Trainee: 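First the structure, then my questions, so here it is.
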Amino acid sequence: MGWKSYDLDREAQKLVLAAKSRDEKSLNQSYKMRMAVAYGLERFWGEHLRLQAKEPEKSLYWKQTWDALVRILKQAGVSIPNEPVHANNVSEIQKMSDQLWQLKIDEQRVALAVLTQLCDCIVWWTQRYK
């Protein structure tokens, strides 16, 4: 079986164009996303909650990127939690965080590798469209 790209570049372009059409200032989040990958899935996922109340456009960009990651990984046979969570509901946050922490190490590594590449693509498209 050969290499499968899972259309990461196309997904990244869609994410960047959607963010640009909502609020061009959100594009700066692309660089922050790429840096956040190093801190793990839990922190990357949680960033959309931090931004939700004060900067909803930026929050949406993070959440849509997470949703894209979940869809891409599902195609690859890796299931990543993606429960609906409200920023002010501590029990929902804890439940989702626990699910992320309980991923097998191999699943975490695959997810982080794919997220890294997706974010690299997002940064590339951001540089082209800014």
Side-chain angles (χ1 to χ4, degrees):
M1 183 175 220
W3 167 258
K4 184 167 169 108
S5 71
Y6 296 102
D7 292 325
L8 291 178
D9 201 41
R10 181 174 287 183
E11 282 292 329
Q13 183 187 32
K14 286 182 203 175
L15 290 164
V16 171
L17 288 173
K20 182 178 175 68
S21 70
R22 283 190 307 271
D23 175 22
E24 189 141 347
K25 291 183 221 168
S26 294
L27 291 181
N28 289 334
Q29 295 300 301
S30 302
Y31 306 101
K32 293 176 182 181
M33 285 181 202
R34 179 57 184 90
M35 289 187 336
V37 172
Y39 296 104
L41 295 172
E42 304 78 15
R43 292 184 186 183
F44 188 96
W45 167 80
E47 191 63 12
H48 83 279
L49 297 174
R50 185 184 72 81
L51 296 166
Q52 212 169 55
K54 292 186 178 180
E55 300 178 281
E57 295 87 8
K58 293 176 182 178
S59 173
L60 183 58
Y61 192 16
W62 282 83
K63 180 63 168 104
Q64 288 180 335
T65 300
W66 181 263
D67 292 344
L69 173 70
V70 169
R71 283 191 312 275
I72 291 163
L73 288 171
K74 187 174 184 179
Q75 292 175 44
V78 177
S79 181
I80 300 294
N82 195 20
E83 302 298 322
V85 173
H86 300 91
N88 58 352
N89 189 320
V90 175
S91 64
E92 289 177 354
I93 294 169
Q94 186 63 57
K95 181 180 174 187
M96 179 65 179
S97 295
D98 288 344
Q99 290 176 21
L100 289 170
W101 284 108
Q102 292 171 9
L103 288 171
K104 296 176 187 168
I105 192 72
D106 291 343
E107 292 172 331
Q108 290 177 28
R109 287 180 180 152
V110 168
L112 285 171
V114 172
L115 182 57
T116 299
Q117 186 59 43
L118 178 61
C119 288
D120 283 348
C121 293
I122 288 171
V123 167
W124 193 92
W125 285 111
T126 297
Q127 291 171 339
R128 297 312 168 282
Y129 293 142
K130 264 186 133 184

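Predicted, not measured: the structure shown is a model, and the values here were computed from it.
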Trainee: With side chains defined as the heavy atoms from C-beta onward, is the minimum distance between Leu49 and His86 less than 4.5 Å?
Mentor: no

Trainee: Minimum heavy-atom separation for Ser30 and Val123, please, with both atom names.
Mentor: O-CG2, 3.6 Å

Trainee: Where is the tightest heavy-atom contact between Leu69 and Leu115, given as atom of each residue plus distance?
Mentor: CD1-N, 3.9 Å

Trainee: How far does CZ of Arg22 sit from CG of Leu17, to the nearest 0.5 angstrom?
Mentor: 11.0 Å

Trainee: What heavy-atom pair brings Trp66 and Pro81 nearest, and what distance separates the two atoms?
Mentor: NE1-O, 3.5 Å

Trainee: Hey, does the side chain of Thr65 reach the backbone of Tyr61 with a donor-acceptor pair shorter than 3.5 angstrom?
Mentor: yes

Trainee: Is Asp67 paired with Lys63 through a side-chain N to carboxylate O contact shorter than 4.0 Å?
Mentor: yes

Trainee: May I have the step-by-step check of side-chain hydrogen bond (donor to acceptor under 3.5 Å, both in side chains) for Trp125 and Asp9, ending in yes or no?
Mentor: CA-CA 9 Å; Trp125 285 111; Asp9 201 41; 2.9 Å; yes

Trainee: Counting C-beta onward and ignoring hydrogens, is there a side-chain heavy-atom pair between Gln29 and Leu51 closer than 4.5 Å?
Mentor: yes

Trainee: Are Trp45 and Val85 close enough that some pair of their side-chain heavy atoms sits under 4.5 Å apart?
Mentor: yes

Trainee: Can any side-chain N or O of Gln52 pair as donor or acceptor with the backbone N or O of Ala87 at less than 3.5 Å?
Mentor: yes

Trainee: Using modelled atom types only, decide if a donor and an acceptor are shared between the side chain of Arg128 and the backbone of Trp124 within a distance under 3.5 Å.
Mentor: yes

Trainee: Counting N and O atoms only, with roles assigned by atom type, does the side chain of Glu107 sit under 3.5 Å from a partner on the main chain of Lys104, one being a donor and the other an acceptor?
Mentor: yes

Trainee: Which value, rounded to the nearest 0.5 Å, describes the distance between Gln99 atom CD and Ile80 atom CD1?
Mentor: 10.5 Å

Trainee: Using only heavy-atom distances, determine whether the side chains of Tyr129 and Gln13 contain a donor-acceptor pair under 3.5 Å.
Mentor: yes

Trainee: Contact between Ser97 and Glu42 at the side-chain level, heavy atoms closer than 4.5 Å - yes or no?
Mentor: no

Trainee: Any donor and acceptor pair, going by atom type alone, linking the side chain of Gln108 with main-chain N or O of Leu103 inside 3.5 Å?
Mentor: yes

Trainee: Using the salt bridge (Lys or Arg N to Asp or Glu O under 4.0 Å) rule, take Glu47 and Lys32 through it: C-alpha gap first, then chi angles, then the decisive distance, then the call.
Mentor: CA-CA 10 Å; Glu47 191 63 12; Lys32 293 176 182 181; over 6 Å; no

Trainee: More than 12 non-hydrogen atoms from neighbouring residues, nucleotides or ligands closer than 6.0 Å to NZ on Lys25, yes or no?
Mentor: no

Trainee: Looking at CG of Leu60 and CD of Glu55, how far apart are the two atoms once the value is rounded to the nearest 0.5 Å?
Mentor: 13.0 Å

Trainee: To check you understand the geometry: which heavy-atom pair defines the closest contact between Leu15 and Ala68, and what is its length?
Mentor: CD1-CB, 4.1 Å

Trainee: Is the shortest heavy-atom distance from the side chain of Asp106 to the side chain of Val110 under 4.5 Å?
Mentor: no

Trainee: Using 4.0 Å as the upper bound for N to carboxylate O, is an ion pair formed by Lys95 and Glu92?
Mentor: no

Trainee: Return the CD to OG1 distance between Glu24 and Thr126, rounded to the nearest 0.5 Å.
Mentor: 10.0 Å

Trainee: CG of Leu118 to CD1 of Ile72: how many Å apart, nearest 0.5 Å?
Mentor: 5.0 Å

Trainee: Can you name the closest pair of heavy atoms from Val37 and Cys119 and give their distance?
Mentor: CG2-SG, 3.8 Å

Trainee: May I have the step-by-step check of side-chain hydrogen bond (donor to acceptor under 3.5 Å, both in side chains) for Asn28 and Lys58, ending in yes or no?
Mentor: CA-CA 9 Å; Asn28 289 334; Lys58 293 176 182 178; over 6 Å; no

